[in-house]
Amino acid sequence: GGTGTHLVRVMSPGMAAQEVWLDGSPVQAPPGTTTFTGPGACLIELLDTDGGWVLTVDGSVAESYNPELGPLESPAVAWWKFTLRGLGTHHVRVTGIGSEAQAVFLDGAPLDAPPGTMTFTGPGAALLELQQRENIWVLIINGKEVVHQQNPNSSPNDALHVWTFVSQATGVHEVKVSRIGELGQEIQIDGVGIPAPDGTTMFTGPGGALLQLAQGDDGAWNLLVDGVIAQVSDDASALASEAGWTFLAQATGCQHQMRVTNVGRQEQQVFLDGAFVEAPAGSTMFT
């Protein structure tokens, strides 16, 4: 950490003809050498495993890089949205990711960290880590959950689908899904976000029930609970309970995100880049 992203390229590993390059510069070492000193005096080691050669950095396995995949996708602004059990939904925004000018914002507040820092402490002491996976930046939560970038241009007007179903073991439940099958898909069960990759159509529900999103012959989406079609909710208020927008402010030259819950109601709440905006109930204009 603290020295940014680096690239190691090896030809003929473990053989007399072995060649090693670090960030494009050849590393001078006797043939067959498998340990090297890297940036910031880190220990770089090549290991021959059953699955092939791997590279470790200070004992941690580094991600392999395939140049055939093309250049790493590093957008000017990268966004992630994730849910922590008992702590609600949170947002991470990163500008200049992987560069010296990188800046990280958690729920709209900047995180103070040296350039190139890729690990951060999140809400509830959760470990947040930025990683490259198949040439795309992803956010890793507590070393396990992989969160893919949320498309900031996703339309907040995409249909929100709502179903209710009854489980004999756990009672009545409600499932809400927006942007089904698309980038930025969001799933909630009884108001709690379900972390899942974009496009996921099968997941586990209350009491271990198998929930599946399936499109009928008429193009309409259905929710199947253990193979049985669930009832479409007629709670119209739920269909407009939350909205979000992403916009470019000329004054700052940056993209910003606005989210409103309980739109137009007494319980309305407004968040700008994750920060709560104080305003009387029902306000529709803000600075």
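Just so it is clear, the structure is predicted and the values come from calculations on it, not from any experiment.
Using a distance-only test at 3.5 Å, with no hydrogens or angles considered, a donor-acceptor pair links the side chain of Thr117 to the main chain of Pro114. In this structure a side-chain-to-backbone donor-acceptor pair under 3.5 Å is missing from Asp190 to His173. At distances below 3.5 Å, not a single donor-acceptor pair connects side-chain atoms of Trp137 with backbone N or O atoms of Gln131. Side-chain N or O atoms of Asp226 include one that pairs as donor or acceptor with a backbone N or O of Leu210 at under 3.5 Å. Under the 3.5 Å distance criterion, the side-chain polar atoms of Glu145 are left unmatched by any main-chain donor or acceptor of Ile141.
A salt bridge does not link Arg9 to Glu19: none of the charged side-chain nitrogens sits closer than 4.0 Å to a carboxylate oxygen.
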Show, in sequence, the C-alpha distance, side-chain angles and deciding distance for Phe36 and Leu22, and conclude whether the side chain to side chain contact (heavy atoms under 4.5 Å, CB included) test is met. CA-CA 10 Å; Phe36 313 89; Leu22 175 59; over 6 Å; no

Which is it for Phe165 and Leu211 under the side chain to side chain contact (heavy atoms under 4.5 Å, CB included) test, yes or no, and what are the steps along the way? CA-CA 11 Å; Phe165 66 93; Leu211 306 184; 4.1 Å; yes

Leu139/Leu128 under side chain to side chain contact (heavy atoms under 4.5 Å, CB included): CA gap, chis, key distance, verdict: CA-CA 7 Å; Leu139 179 68; Leu128 310 181; 4.2 Å; yes

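The shortest side-chain heavy-atom distance between Glu186 and Ser178 falls under the 4.5 Å cut-off. Contact of the Ile189 side chain with the Phe203 side chain is registered, since non-hydrogen atoms from C-beta on lie closer than 4.5 Å. For the pair Val162 and Val175, the minimum side-chain heavy-atom distance is 4.5 Å or more. Counting heavy atoms from C-beta on, the side chains of Val104 and Phe120 come closer than 4.5 Å. Contact of the His90 side chain with the Leu84 side chain is registered, since non-hydrogen atoms from C-beta on lie closer than 4.5 Å.
Leu111 and Leu87 fall within a single hydrophobic cluster, where Ile, Leu, Val, Met, Phe, Trp and Tyr side chains are chained together by heavy-atom contacts under 4.5 Å. Cluster membership check: Ile194 does not share its hydrophobic cluster with Val138, using side-chain heavy-atom separations under 4.5 Å among Ile, Leu, Val, Met, Phe, Trp and Tyr. Under the 4.5 Å side-chain heavy-atom criterion for Ile, Leu, Val, Met, Phe, Trp and Tyr, Val94 and Ile140 are members of distinct hydrophobic clusters.
Separating the CD atom in Glu174 from the CG atom in Leu223 is a distance of 11.5 Å, to the nearest 0.5 Å. From Gln102, atom CD reaches atom CE of Met118 across 4.5 Å, with rounding to the nearest 0.5 Å. Once rounded to the nearest 0.5 Å, the distance linking NE2 of His91 with CZ of Phe82 reads 9.5 Å. Atoms OG1 and NZ, from Thr83 and Lys81 in turn, are 7.0 Å apart once rounded to the nearest 0.5 Å. If you take NE2 on His161 and CH2 on Trp221, they are separated by 8.0 Å, rounding to the nearest 0.5 Å. Once rounded to the nearest 0.5 Å, the distance linking CD1 of Ile136 with NE2 of His148 reads 8.0 Å.
When hydrophobic residues (I, L, V, M, F, W, Y) are linked wherever their side-chain heavy atoms come within less than 4.5 Å, the members clustered with Trp21 are Met11.
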Distance-only donor-acceptor pairs under 3.5 Å for side chains of residues 43-56, two or more places apart:
residue: Thr49; atom: OG1; partner: Gly51; partner atom: N; Å: 3.3
residue: Thr49; atom: OG1; partner: Gly52; partner atom: N; Å: 3.4
residue: Thr49; atom: OG1; partner: Gly52; partner atom: O; Å: 2.5
residue: Thr56; atom: OG1; partner: Glu45; partner atom: O; Å: 3.4

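Among the candidates Val177, Thr200, Leu224, the single residue satisfying the side-chain contact (heavy atoms from CB on, under 4.5 Å) test with Leu213 is Val177.
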